[in-house]
Amino acid sequence: MADVLVLGAGVVGLSCAVRLAEAGVRVSVLAADEPVATVSRIAAAVWYPTRTEADPRVLDWARRTFDELADQARREIPGVVLRPTRMLLRRAVAEDPWWSAAVPDFRSVPPPPGYGGEWRFTVPTVEMEPYLHWLVDRLAGLGVPIRRHRVRTLHELAGQAPVVVNATGLAAGVLADDPAVHPVRGRIVLVANPGLVTSMRDEGHPGGPTYVHPRSRDVVLGGTFEPYETDTAPDDEAGRAIVARCVELVPELAGAPVLGQLTGLRPARHGGPRVAVDPSGPDGTRLIHNYGHGGAGVTLAWGCADEVVALVGAASAVPD
């Protein structure tokens with residue numbers, strides 16, 4: 001029997017499982033879907049603490065994740081690269097953002113005409129499909145099995161492991177009976193890359209959040225941030241609006257062939273991510289939650305995994 005059962009196989013759950021196994025803990029993963037079928041696969045996956053609060057814990061998670069992904073980029077882990085970014089601001093801002101403390105080369109520069117400010121920085125970006133395959137292979141190398149099963153209630157896990165880590169994302173709303181969990185729909189459009197290497201952002205665009213994230217073979221154009229919207233069917237009108245905003249921001253995209261549109265539901269939570277021990281877990285099992293990351297899962301995953309390892313260690317030190 002494993003010491004820890006990680007429930008969920010998105011980037012948050014897999015990162016947890018890797019960290020625990022690296023710490024010498026016997027781990028198994030249980031998930032409703034294959035990793036490449038989770039919402040993590042379609043994430044734009046650029047390090048950026050989207051819609052997160054200026055909380056010291058969140059900054060620590062973000063910094064730890066930045067450092068881990070930067071190291072993975074240097075080691076040429078599949079899908080991970082460091083990419084320059086330009087953030088254009090509609091209005092002048094007197095102070096640097098709270099998360100800039102985690103970014104070594106963050107700086108403010110004079111903005112182009114029509115904007116009130118500009119930030120430049122280099123951050124890790126991740127192409128999620130090869131990265132999820134790498135995480136699965138890493139777990140296999142550490143002897144961690146991944147099993148498929150859709151859990152209906154956490155109490156059915158009683159007796160399966162001394163510790164359960166709940167990293168189920170949106171499903172945690174039901175499993176943990178947490179009304180703060182809610183979906184936030186995000187739409188992106190993929191186009192052929194005409195040779196771009198720099199990410200661009202205009203989060204204050206009146207038409208909606210606008211970002212351009214080049215990858216090895218395509219460019220992610222975004223996007224939308226729509227709380228409580230759950231229809232993931234393609235929307236041609238929304239797709240055209242995203243492309244128009246992104247071409248306005250980066251004219252080199254004009255005429256780039258559209259490769260597809262993707263829609264996912266970010267697993268958000270009012271009050272921010274929940275990374276904590278829950279005393280109301282299944283009988284004989286210590287329950288640790290790690291969910292509610294919204295659109296910042298890739299940005300916080302490794303830092304939250306480090307905290308889960310510490311919580312597992314603390315739980316193990318407590319006598320029954």
**Request:** Go through Tyr131 and Leu69 one step at a time and tell me if the side chain to side chain contact (heavy atoms under 4.5 Å, CB included) criterion holds.
**Result:** CA-CA 11 Å; Tyr131 190 62; Leu69 291 174; 3.6 Å; yes

**Request:** Start with the C-alpha gap between Leu190 and Val220, add the side-chain angles, then the distance that decides, and say whether side chain to side chain contact (heavy atoms under 4.5 Å, CB included) holds.
**Result:** CA-CA 5 Å; Leu190 304 180; Val220 177; 3.8 Å; yes

**Message:** Does Tyr211 form a side chain to side chain donor-acceptor pair (under 3.5 Å) with Arg201? I'd like the steps, not just the answer.
**Reply:** CA-CA 4 Å; Tyr211 48 85; Arg201 289 180 174 272; over 6 Å; no

**Message:** Please determine whether side chain to side chain contact (heavy atoms under 4.5 Å, CB included) holds for the pair Leu157 and Leu30, giving the CA-CA distance in whole Å, both sets of side-chain angles, and the decisive distance to 0.1 Å.
**Reply:** CA-CA 10 Å; Leu157 302 176; Leu30 186 64; 3.9 Å; yes

**Request:** Give the intermediate values and the outcome of salt bridge (charged side-chain N to carboxylate O under 4.0 Å, His left out) for residues Asp33 and Arg150.
**Result:** CA-CA 8 Å; Asp33 301 302; Arg150 187 174 298 277; 3.4 Å; yes

**Request:** Could you walk me through whether Val58 and Trp98 pass side chain to side chain contact (heavy atoms under 4.5 Å, CB included), step by step?
**Result:** CA-CA 10 Å; Val58 177; Trp98 62 270; 3.7 Å; yes

Got a list of side-chain donor-acceptor pairs under 3.5 Å for residues 253-264, not counting sequence neighbours?
| residue | atom | partner | partner atom | Å |
| --- | --- | --- | --- | --- |
| Gln261 | OE1 | Arg187 | NH1 | 3.4 |
| Gln261 | OE1 | Asp235 | N | 3.2 |
| Gln261 | NE2 | Asp235 | O | 3.1 |
| Thr263 | OG1 | Arg187 | NH1 | 3.0 |

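Atom SG of Cys304 is separated from atom CZ of Arg19 by 12.0 Å, given to the nearest 0.5 angstrom. Distance check: Ser40 OG to Leu132 CG gives 6.0 Å after rounding to the nearest 0.5 Å. Between atom CG of residue Leu7 and atom NE2 of residue His289 there is a gap of 10.5 Å, rounded to the nearest 0.5 Å. If you take CG on Leu175 and OH on Tyr291, they are separated by 9.5 Å, rounding to the nearest 0.5 Å. Annotation: the span from Arg269 atom CZ to His293 atom NE2 amounts to 10.5 Å, rounded to 0.5 Å. Atom-to-atom distance recorded for Ile242:CD1 and Thr224:OG1 is 5.5 Å, nearest 0.5 angstrom.
Pro130 and Gly79 get closest at one heavy-atom pair: CG-CA, 4.2 Å. The minimum heavy-atom distance between Ala44 and His213, with the atom names listed, is CB-CD2, 4.1 Å. Taking both residues in full, the closest heavy atoms of Ala21 and Val144 are given as CB-CG2, 3.7 Å, listed atom of the first, atom of the second, then distance.
Formation of a donor-acceptor pair under 3.5 Å by the Arg63 side chain with backbone atoms of Ala101 is found in this model. Ser15 places no side-chain N or O within donor-acceptor distance of the main-chain N or O of Val12, the cut-off being under 3.5 Å.
At most 12 non-hydrogen atoms from other residues, nucleotides or ligands lie less than 6.0 angstrom from CD of Glu53.
The closest side-chain heavy-atom distance from Pro214 to Val197 is not below 4.5 Å. Side-chain contact between Trp302 and Arg64 is absent, with no heavy-atom pair separated by less than 4.5 Å. At least one side-chain heavy atom of Thr210 sits under 4.5 Å from a side-chain heavy atom of Cys246. Under the 4.5 Å side-chain criterion, counting only non-hydrogen atoms from C-beta, His133 is not in contact with Pro78. At a threshold of 4.5 Å between non-hydrogen side-chain atoms, the residues Val275 and Trp61 count as touching. Two residues are said to be in side-chain contact when any heavy atoms from C-beta on lie closer than 4.5 Å; Tyr115 and Asp202 meet this criterion. A heavy-atom distance below 4.5 Å is not found between the side chains of Val126 and Val11. Proximity of Arg51 to Arg266: side-chain heavy atoms (C-beta onward) are nowhere separated by under 4.5 Å.
Aromatic ring centroids of Phe121 and Trp99 lie under 6.0 Å apart.
Applying the side-chain hydrogen bond (donor to acceptor under 3.5 Å, both in side chains) test to His155 and every residue at least two apart in sequence or in another chain returns nothing.
Counting only residues at least two apart or on different chains, the side-chain hydrogen bond (donor to acceptor under 3.5 Å, both in side chains) pairs with a member in residues 75-84 are Asp71-Arg75.
Leu89 and Phe106 fall within a single hydrophobic cluster, where Ile, Leu, Val, Met, Phe, Trp and Tyr side chains are chained together by heavy-atom contacts under 4.5 Å.
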